[in-house]
Colleague: 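Structure incoming, see below.
We use all heavy atoms of the structure for the numbers below, so side chains are in, but hydrogens, waters and symmetry mates are not. Quantities reported herein were computed from a predicted structural model and do not represent experimental measurements.
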Amino acid sequence: VQLQASGGGLVQTGGSLTLSCVASGGTFSNYGVGWFRQYPGKGREFVAAIRGDGSKRYYADSVQGRFTISRDTAKNTVYLQMNSQKPEDTARYYCAADGRLHSYSTWYQRSDEYLYWGQGTLVTVSS
């Protein structure tokens, strides 16, 4: 599976931006998809995830209520709608996918549990 993330850019505090993650090369509905973000010099931080069938969504506490993850199976695309953005949302955002069975229910929060990664898209929130 190849992933292509896009939609990053510059937005003012309180503004909105939508990121897209387009997949190719596999049956996308078989894969759970997560969004992670990375600050300079830091590791990747979990943001949101969605199951392959879209039945469940998960969010980090820091974005709960502001961000929404969704997927369009027909377009092989997962979206991250980001509202009420804050300067601390400034980071490079990555989408990731994995279709394997996992032994614990919170696997989606761990970046090392994802096999496939997109190239990242930069989001800058100005204060």
Colleague: Check G43 against Q38 and note the closest heavy-atom contact, atom names and distance.
Modeller: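 Closest pair (atom of G43, atom of Q38, distance): O-CG, 3.9 Å.
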Colleague: Identify, with sequence neighbours excluded, every residue that meets salt bridge (charged side-chain N to carboxylate O under 4.0 Å, His left out) alongside R100.
Modeller: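 With sequence neighbours excluded, R100 shows a salt bridge (charged side-chain N to carboxylate O under 4.0 Å, His left out) to D98, given in chain and number order.
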Colleague: What's the verdict on side-chain hydrogen bond (donor to acceptor under 3.5 Å, both in side chains) for R37 and Y39, showing C-alpha distance, side-chain angles and the deciding distance?
Modeller: CA-CA 7 Å; R37 62 189 179 189; Y39 302 107; 3.2 Å; yes
Colleague: With sequence neighbours excluded, tell me which residues meet side-chain contact (heavy atoms from CB on, under 4.5 Å) with T73.
Modeller: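 For T73, the residues satisfying side-chain contact (heavy atoms from CB on, under 4.5 Å) (neighbours in sequence not counted) are S29.
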Colleague: Do Y114 and L80 share a hydrophobic cluster, counting only Ile, Leu, Val, Met, Phe, Trp and Tyr and linking them when any side-chain heavy atoms are less than 4.5 Å apart?
Modeller: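 No; L80 is not reachable from Y114 via cluster members.
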Colleague: Any idea which heavy atoms bring T90 and V125 closest together, and the distance?
Modeller: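 Closest heavy-atom pair between T90 and V125: OG1-N, 2.8 Å.
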Colleague: Quick test of your reading: applying salt bridge (Lys or Arg N to Asp or Glu O under 4.0 Å), list the pairs with at least one residue in residues 66-86, sequence neighbours left out, ordered by first then second residue.
Modeller: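 Checked against salt bridge (Lys or Arg N to Asp or Glu O under 4.0 Å) - neighbours excluded - the pairs reaching residues 66-86 are R66-D89.
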Colleague: Which disulfide (SG to SG under 2.5 Å) pairs, counting each pair once, include a residue from residues 41-79, with sequence neighbours left out?
Modeller: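 Applying disulfide (SG to SG under 2.5 Å) to every pair that reaches into residues 41-79, excluding sequence neighbours, yields nothing.
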Colleague: Identify every side-chain donor-acceptor pair in residues 4-28 under 3.5 Å, counting partners at least two apart or on other chains, and give the distances.
Modeller:
| from | atom 1 | to | atom 2 | distance (Å) |
| --- | --- | --- | --- | --- |
| T13 | OG1 | S126 | O | 2.6 |
| S16 | OG | N83 | OD1 | 2.9 |
| T18 | OG1 | Q81 | OE1 | 2.4 |

Colleague: Can a donor-acceptor pair be found, under 3.5 Å and without considering hydrogens, that links the side chain of Y79 to the backbone of T68?
Modeller: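 Absent.
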Colleague: When clusters are formed by joining ILVMFWY residues with side-chain heavy atoms under 4.5 Å apart, either directly or through shared neighbours, do W107 and V1 land in the same one?
Modeller: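 Looking at the clustering, V1 is in a separate group from W107.
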Colleague: Could you work out, with salt bridge (charged side-chain N to carboxylate O under 4.0 Å, His left out) as the rule, every residue matching R92, not counting sequence neighbours?
Modeller: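 Per chain and number, R92 pairs via salt bridge (charged side-chain N to carboxylate O under 4.0 Å, His left out) with no residue.
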Colleague: Test: salt bridge (Lys or Arg N to Asp or Glu O under 4.0 Å). Region: residues 10-32. Which pairs qualify, not counting sequence neighbours?
Modeller: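 Sorted result for residues 10-32: empty, none.
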Colleague: Go through the structure and list residues passing side-chain contact (heavy atoms from CB on, under 4.5 Å) with R110, not counting sequence neighbours.
Modeller: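 Residues passing side-chain contact (heavy atoms from CB on, under 4.5 Å) with R110: Y104, D112, E113.
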Colleague: Kindly give the cluster partners of L122, where membership spreads through any ILVMFWY side chain lying under 4.5 Å from a current member.
Modeller: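 Under the 4.5 Å side-chain rule, L122 groups with nothing.
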Colleague: If a pair satisfies side-chain hydrogen bond (donor to acceptor under 3.5 Å, both in side chains) and one of its residues is in residues 47-56, list it, with sequence neighbours excluded.
Modeller: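 Passing the test, one end in residues 47-56: R51-Y58, D53-S55.
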Colleague: What pairs of residues pass the disulfide (SG to SG under 2.5 Å) test when at least one of them lies in residues 40-83, not counting sequence neighbours?
Modeller: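 Passing the test, one end in residues 40-83: no pairs.
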Colleague: Does R44 make a cation-pi contact with Y94 (under 6.0 Å, within 45 degrees of the axis)?
Modeller: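 Cation-pi check for R44 and Y94: passes.
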Colleague: So V47 and Y59, do their side chains get closer than 4.5 Å, heavy atoms only?
Modeller: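 Sidechains of V47 and Y59: no contact.
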Colleague: Show, in sequence, the C-alpha distance, side-chain angles and deciding distance for Y108 and F46, and conclude whether the ring-ring contact (aromatic ring centres under 6.0 Å, His included) test is met.
Modeller: CA-CA 8 Å; Y108 54 86; F46 169 71; 5.6 Å; yes
Colleague: Under the ring pair (Phe, Tyr, Trp, His ring centres under 6.0 Å) test, which residues partner W117, sequence neighbours left out?
Modeller: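 For W117, the residues satisfying ring pair (Phe, Tyr, Trp, His ring centres under 6.0 Å) (neighbours in sequence not counted) are F36.
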Colleague: What heavy-atom pair brings L3 and C95 nearest, and what distance separates the two atoms?
Modeller: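 So the minimum-distance heavy-atom pair works out to CD1-O, 3.8 Å.
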Colleague: Out of curiosity, S62 OG to E45 CD, how far, rounded to the nearest 0.5 Å?
Modeller: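 Reported value, rounded in 0.5 Å steps: 5.0 Å.
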